[in-house]
Amino acid sequence: MKIQCLSRLADSFRASRSLDASFDIPWEPCPAGMNGDLTVNCFRLAKALKSAPDALAAETAELLMKDPDVVSAEKIKAFVNITLKPAALFRDSVSDVKSLLADVPFPEGSRRKILIEFSAPNTNKPQHLGHVRNNCIGMTLASVMARAGHTVVPVNLINDRGIHICKSMLAYKLTGNGVTPEQAGIKGDHYVGNYYVKFNQMLSDEVRELKAAHPELADKSSDDLFLETELGRQAQEMLRKWEAGDPEVRALWTTMNKWVIDGFNETYRRMGVHFDKTYLESQTYLLGKDVIADALAKGIFGKRADGAVTVDLGKLGEKVLLRKDGTSVYITQDIGTTILKHEEHHPDTMVWVVGDEQNLHFRMLFTILGRLGYAWADSLYHLSYGMVNLPSGRMKSREGTVVDADDLFDEMHSLAKAAAMERVKEGEEPPADLEARSETIGMGALKFMLLKFNPKTTIMFDPQASLKFEGDTGPYVQYVCARINSIVRKCNDAGIAFDPASVDWSLADSPEEKALAVAALRYADAIRSSADKMDCSILVNYLLDLAKLFNRFYREKQVLNAGDPAVRTMRLALCFAVRDILADGLAALTIGIPDAM
RNA sequence: GCUCCGGUAGCUCAGCUGGAUAGAGCAUCUGCCUUCUAAGCAGAGGGUCGUGGGUUCGAGUCCCGCCCGGAGCACCA
């Protein structure tokens, strides 16, 4: 949507200074306490026009004053505060929400095909709060980018092989007695995770015995002594057999991985996570070796004296790409998988949602792909996000302080349910949709809380403080929608007809009403900026802003009880517009809306 | 030691490519439910923006030094 008076202003500047067609007037909402609807910051404008800010502000104010849409244009220093006629402001904003929402995506020329990888769990334990943040950032970014007009391909890469997988397999083989998760009544990923914990317990027991028998090993760590233990050797042997395709090991692996992945799928379903494609490391871990061998032959990489293939990455250091025995390392797999993903999808860019502890890894990966001659290496992006800490510090699985994803979802659900029950009055029945409503609110609160922060910040999760439904939260925004839904219900019950064609926006002259129209104008930018900067907290904060402005309006102005039917119609239209924008934004964040709260 | 990220109100965090009096939520205190849902609204207190310099009309924002915290610096993933 264009603000017509600013378009005319831009035309005028274009004509007087022969600027090209892309020139636009940057505007911002007029700050609280100032008199006006919009503000043009002429310090900023001055840079684009290479003029003196003060004179430019005077010129801007003068031009705007003559505009038919403008009530007043007040110059203060180099700022011009503009007050618009309500009819003009609303005409340019929410009078046509459908087209306001339709105009959200980027123009066709700047739409891209984006492959985004996130989640990437290991199949040896259930997901925890860290994964929840990753999933939220990944799926929401995918969704917001799609809303911004891009073609998005969300993919997962499940780490389903390796020594850590063998650990839970071995513990199960030794102590599981063939019991299935179903028989045990435990969700598959938790069930397998229990055996991973069990393995570590058994291993530390064995290490303790080993140290007792050999005091000279006292200062060695559990990892150092891994292959000195019977369990460690057996796990190693199991990995060797897995790689050799041993039928018995493969059968157990297939069975246990299915348990875990079934469990993950339940967790994903509850979060609303969806992937277009799931890669399995067991099918991709050998990729990359050929590429390295080719590059070695071409002299792009070198061979060290001991036979390992390495590359010197300058400031980033030297990196081994193939061990001296010819086996691949982590980055080798990633090189191969990245090339595979590119060949399969031909995206314009690829994004990895991975924790900031892997910053160096990705810098190396991208540099190596560039050395290999892939022109698209420049388009790769590591969306690095910060860890989630607890008040007690880092989550540590060894100390049992990890916050389990499924438990957390249950807790959010029951907190939301308790909050809903609190507002059921004596003698009243609880709402029929109590469970569904609690889920929508609980999960909404959780996602919103995790998305409120800029991805790269390390965040603190304090269950006492974080699991709230008041203040800057998802339910705050949901509540506005519920309030509007309630007005709509009452409107229908009372048989009040609403004709969108007969809205008279000139009646919307209060600051509360106009502020909503101004905020609505910023929606497209909130979506686009979130997509561009790959930071959904921009959208989250925008929705909070809009919701806040609505609550202020709601307190000050009556809708159904407005005396004048014309005013009522206008305010109803405004409510619908706000709800449509909030619903669109929450949907982009993969957050649902309850009918009532 | 080297590299990267962070240090803004008691706490958790916003502050766009430098711009009008540094913002929000929580917590504390004060008002507001016989008017469309109080998961709400209004108001109060609370800040030498880690620190010392510099750049300029103007610095929380840019540059340099220092202090503090985190992560990384594997032939682990």
Side-chain angles (χ1 to χ4, degrees), chain A residues 26 28 31-34 39 41-44 46-47 53-54 76-79 81 120 122 159 162-164 223 281 304 306 308-310 315-317 319-325 327-334 355-361 363 384 386-387 389 391 394 416 419-420 422-423 441 445 449 452-454 456-462 464-466 468-480 482-491 494 525 529 533 537-538 540-541 544-545 547-548 550-562 568 571-572 575 596-597:
Chain A
E28 45 208 84
M34 295 290 183
T39 294
N41 177 345
C42 292
F43 282 114
R44 201 159 284 170
K47 272 168 198 161
D54 199 71
I76 299 178
K77 297 184 190 172
F79 295 89
N81 296 329
N122 294 332
N159 303 114
I163 191 71
H164 51 296
D223 289 343
E281 192 189 303
R304 215 165 49 186
D306 66 1
V309 177
T310 65
K315 271 190 237 170
L316 300 181
K319 188 70 189 166
V320 170
L321 299 170
L322 289 176
R323 298 188 185 97
K324 63 185 172 186
D325 62 5
T327 55
S328 58
V329 296
Y330 177 51
I331 202 160
T332 317
Q333 294 178 39
D334 258 7
D356 60 12
E357 57 208 350
Q358 294 199 40
N359 286 352
L360 181 61
H361 169 78
R363 286 180 68 190
S384 161
M387 300 289 102
N389 290 333
R394 277 193 88 142
E422 269 179 34
R423 62 207 70 222
I441 296 171
M449 187 272 295
K452 195 167 63 177
F453 310 108
N454 161 344
K456 71 177 181 179
T457 61
T458 302
I459 65 176
M460 235 269 279
F461 177 81
D462 179 355
Q464 296 283 314
S466 302
K468 290 241 159 110
F469 304 118
E470 285 151 28
D472 281 354
T473 63
Y476 179 91
V477 181
Q478 290 172 324
Y479 186 60
V480 167
R483 279 182 147 175
I484 296 173
N485 286 341
S486 173
I487 291 175
V488 175
R489 271 192 301 272
K490 290 224 155 68
C491 185
D525 190 57
S529 296
K533 294 179 184 154
S537 70
I538 295 168
V540 165
N541 286 303
L544 280 172
D545 248 24
K548 225 168 273 187
F550 180 84
N551 276 329
R552 234 165 257 170
F553 157 79
Y554 182 88
R555 183 67 176 184
E556 291 301 318
K557 303 293 172 193
Q558 296 290 309
V559 180
L560 293 179
N561 304 329
R568 182 178 65 200
R571 290 195 182 141
L572 271 172
C575 287
M597 289 176 74

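The structure presented is a predicted model; accordingly, all values stated were derived computationally and were not measured.
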Visitor: Taking any heavy-atom pair under 4.0 Å as a contact, classify A:A596: base, sugar-phosphate, or nothing.
Guide: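 The residue A:A596 makes base contact.
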Visitor: Could you state the interatomic distance from CG (A:N389) to OG1 (A:T458), rounded to the nearest 0.5 Å?
Guide: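 So the CG of A:N389 and the OG1 of A:T458 are separated by 6.5 Å.
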Visitor: Closest nucleotide of RNA chain B for A:G33 versus for A:A308: which of these residues is on the 5' side?
Guide: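 Result of the comparison: A:G33.
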Visitor: Would you check if A:K456 and A:D356 make a side-chain contact, meaning some heavy-atom pair closer than 4.5 Å?
Guide: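 The answer is no; the side chains never approach within 4.5 Å.
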Visitor: Can you check the distance between B:U61 and B:C49, where both ends of the measurement are the P atom (answer in whole Å)?
Guide: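 Going atom to atom, P in each nucleotide, I get 10 Å.
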Visitor: Counting distance alone, no hydrogens or angles: does the base of B:A20 have a donor or acceptor under 3.5 Å from a partner atom on the side chain of A:T39?
Guide: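 Answer yes: a donor N or O sits under 3.5 Å from an acceptor.
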Visitor: Tell me what A:F79 touches on the nucleic acid: a base, only sugar-phosphate, or nothing, going by heavy atoms under 4.0 Å.
Guide: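 Base contact - A:F79 has a heavy atom under 4.0 Å of at least one base atom.
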Visitor: Are A:S384 and B:C4 close enough that a side-chain N or O sits under 4.0 Å from OP1 or OP2?
Guide: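 Checking B:C4 against A:S384, no side-chain N or O comes under 4.0 Å of OP1 or OP2.
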Visitor: Please round to the nearest 0.5 Å and tell me the distance separating atom CE of A:M387 and atom CD of A:E357.
Guide: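 Taking CE in A:M387 and CD in A:E357, the distance rounds to 4.0 Å.
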Visitor: Output the distance between atom CG (A:N561) and atom CZ (A:R571), rounded to the nearest 0.5 Å.
Guide: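 Separation between the atoms: 10.5 Å.
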Visitor: Give a yes/no on whether any side-chain N or O of A:R483 is located under 4.0 angstrom from OP1 or OP2 of B:A38.
Guide: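 Answer is yes, contact under 4.0 Å.
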Visitor: Could you tell me whether the side chain of A:R423 has a donor or acceptor atom within less than 3.5 Å of a complementary atom in the base of B:A38?
Guide: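 When only heavy-atom distances are counted, A:R423 does not reach the base of B:A38 through any donor-acceptor pair under 3.5 Å.
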Visitor: Calculate the interatomic distance between A:K468 atom NZ and B:C11 atom C1'; express it in whole Å.
Guide: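 My rounded result for the distance is 11 Å.
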Visitor: Could you tell me whether A:R394 contacts a base, only the sugar-phosphate backbone, or nothing, with contacts defined as non-hydrogen atoms closer than 4.0 Å?
Guide: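 A:R394: backbone/sugar contact only, no base atoms under 4.0 Å.
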Visitor: Counting just side-chain N and O atoms, does A:K456 come under 4.0 Å of either OP1 or OP2 of B:G6?
Guide: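 So the side-chain polar atoms of A:K456 do come within 4.0 Å of the phosphate oxygens OP1 or OP2 of B:G6, strictly under.
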Visitor: Which is true for A:I163 with a 4.0 Å heavy-atom rule: it touches a base, it touches only sugar-phosphate, or it touches nothing?
Guide: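 Here A:I163 touches no strand at all.
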Visitor: Does A:N551 have a side-chain nitrogen or oxygen under 4.0 Å from the phosphate oxygens OP1 or OP2 of B:C41?
Guide: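 True: A:N551 side-chain N/O within range (under 4.0 Å) of B:C41 OP1/OP2.
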Visitor: Can you measure from CG (A:D472) to NZ (A:K548) and round to the nearest 0.5 angstrom?
Guide: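 Spacing of CG (A:D472) from NZ (A:K548) equals 4.0 Å.
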Visitor: Counting the atoms with a prime plus P, OP1 and OP2 as sugar-phosphate, which does A:M34 contact under 4.0 Å by heavy atoms, base, sugar-phosphate, or nothing?
Guide: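 Counting heavy atoms under 4.0 Å across all strands, the contact made by A:M34 includes a base.
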Visitor: What is the separation between atom CG on A:N561 and atom C1' on B:C36, rounded to the nearest whole Å?
Guide: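 It is 6 Å, rounded to the nearest whole Å.
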Visitor: Report the distance from atom OH of A:Y554 to atom C1' of B:A38, rounded to the nearest whole Å.
Guide: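 To the nearest whole Å, that distance equals 10 Å.
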Visitor: How long is the line joining NZ of A:K319 and C1' of B:A77, in whole Å?
Guide: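 A:K319 atom NZ is separated from B:A77 atom C1' by 10 Å.
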Visitor: Using a heavy-atom cut-off of under 4.0 Å over every strand shown, decide if A:Q558 touches base, sugar-phosphate, or nothing.
Guide: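 Contact class for A:Q558: base.
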Visitor: Side chains of A:V559 and A:F553: does their closest heavy-atom pair fall under 4.5 Å?
Guide: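 With C-beta onward as the side chain, the pair touches.
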Visitor: On a plain distance test, is the side chain of A:R363 in donor-acceptor contact with the base of B:C4 below 3.5 Å?
Guide: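 No.
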Visitor: Map every base of RNA chain B to its dot-bracket character, where paired means a Watson-Crick or G-U wobble contact with both distances under 3.5 Å and | marks a partner outside the strand.
Guide: (((((((..((((.....[...)))).(((((.......))))).....(((((..]....))))))))))))....
Visitor: Describe the nucleic acid contact of A:L560 in one word from base, sugar-phosphate, nothing, applying a heavy-atom distance below 4.0 Å.
Guide: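 Here A:L560 touches the bases of the nucleic acid.
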Visitor: Can A:F469 be classed as stacking with the base of B:A39, given a centroid separation cut-off of 5.5 Å and a plane angle cut-off of 30°?
Guide: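 Ring-base stacking flag not set for A:F469 and B:A39.
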Visitor: Any N or O donor-acceptor pair linking the side chain of A:N81 to the base of B:A20 at under 3.5 Å?
Guide: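 For A:N81, whose side chain was compared with the base of B:A20, there is a donor-acceptor pair (under 3.5 Å).
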Visitor: Please work out if A:Q358 contacts a base, only the sugar-phosphate, or nothing of the nucleic acid, heavy-atom cut-off 4.0 Å.
Guide: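 Contact class for A:Q358: base.
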Visitor: With rounding to whole Å, what would you report as the distance between B:U8 and B:G69 at their C1' atoms?
Guide: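 Between the two C1' atoms, the distance is 16 Å.
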Visitor: Over all strands shown, is A:V559 touching base, sugar-phosphate only, or nothing at heavy-atom distances under 4.0 angstrom?
Guide: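 The answer is base, as A:V559 lies within the cut-off (heavy atoms under 4.0 Å) of a base atom.
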Visitor: Compare the minimum distances between each of B:C13, B:A20, B:A39 and the side chain of A:K77, then state the nucleotide with the smallest one.
Guide: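 My answer, after comparing the listed nucleotides, is B:A20.
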Visitor: Rounded off to whole Å, could you give me the CZ-to-C1' distance for the A:R44 and B:C57 pair?
Guide: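 Distance, rounded to whole Å: 17 Å.
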Visitor: If the C1' atom of B:U21 is compared with that of B:G10, how far apart are they to the nearest Å?
Guide: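 Per the computed distance, 24 Å lies between those C1' atoms.
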Visitor: Reckon A:A465 touches a base, only the sugar-phosphate, or nothing at all at heavy-atom distances under 4.0 Å?
Guide: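 Result for A:A465 = nothing.
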Visitor: Base, sugar-phosphate or nothing for A:A445? Non-hydrogen atoms, less than 4.0 Å.
Guide: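 Contact class for A:A445: none.
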Visitor: Quick check for you: to the nearest 0.5 Å, what is the distance between A:K452 atom NZ and A:I459 atom CD1?
Guide: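 A:K452 atom NZ to A:I459 atom CD1 measures 9.5 Å (nearest 0.5 Å).
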Visitor: What integer number of Å spans the C1' atoms of B:A59 and B:A44?
Guide: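 Each nucleotide's C1' atom is 30 Å from the other's.
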Visitor: How about A:Q358 and A:S384: do any of their side-chain heavy atoms sit closer than 4.5 Å?
Guide: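 No, every pair of side-chain atoms sits at 4.5 Å or beyond.
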Visitor: I want to check one thing: is the phosphate of B:C36, taken as OP1 and OP2, less than 4.0 Å away from some side-chain N or O of A:R555?
Guide: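 Checking A:R555 against B:C36: no side-chain N or O falls below 4.0 Å of OP1 or OP2.
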Visitor: Will you find, in the side chains of A:H361 and A:D334, an N or O donor that is under 3.5 Å from an N or O acceptor?
Guide: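 Side-chain D/A pair, A:H361 to A:D334: present.
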Visitor: Could you give the distance separating B:G72 and B:A77 at their P atoms, to the nearest angstrom?
Guide: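 That atom pair is separated by 16 Å.
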Visitor: Would you give the length of the straight line joining atom CD1 of A:I487 to atom CZ of A:R483, rounded to the nearest 0.5 angstrom?
Guide: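 The distance works out to 8.5 Å.
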Visitor: Considering just the side-chain nitrogens and oxygens of A:R552, establish if one lies under 4.0 Å of OP1 or OP2 belonging to B:C41.
Guide: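 Indeed not, no polar side-chain atom of A:R552 lies that close.
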Visitor: Distance between the P atoms of B:G50 and B:G6, in whole angstroms?
Guide: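 One P to the other, the span is 12 Å.
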Visitor: Mind checking A:P31 for me? I need base, sugar-phosphate or nothing, with any heavy atom below 4.0 Å counting as a touch.
Guide: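 Result for A:P31 = base.
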Visitor: Going by the glycosidic torsion and a 90 degree boundary from 0, is the base of B:C68 oriented syn or anti?
Guide: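 Anti for B:C68; the angle lies over 90° from 0.
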Visitor: Quick one: label A:K452 by what it contacts on the DNA or RNA (base, sugar-phosphate, nothing), any heavy atom closer than 4.0 Å.
Guide: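 Result for A:K452 = nothing.
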Visitor: Do A:L560 and A:C491 touch side chain to side chain, with heavy atoms closer than 4.5 Å?
Guide: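 A:L560 vs A:C491: side chains touch.
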Visitor: Closest-nucleotide mapping onto RNA chain B: is A:D306 or A:Y476 further toward the 5' terminus? I mean the 5' end.
Guide: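 Here A:Y476 is the residue nearer the 5' end.
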Visitor: Pick the C1' atom in B:G31 and in B:G45, then give their distance to the nearest Å.
Guide: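 It works out to 15 Å between them.
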Visitor: When rounded to the nearest Å, what value does the distance between C1' atoms of B:A9 and B:A24 take?
Guide: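 Each nucleotide's C1' atom is 11 Å from the other's.
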Visitor: Mind checking if A:M597 touches a base, just sugar-phosphate, or nothing, with heavy atoms under 4.0 Å?
Guide: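 Answer is base: heavy atoms of A:M597 come under 4.0 Å of a base.
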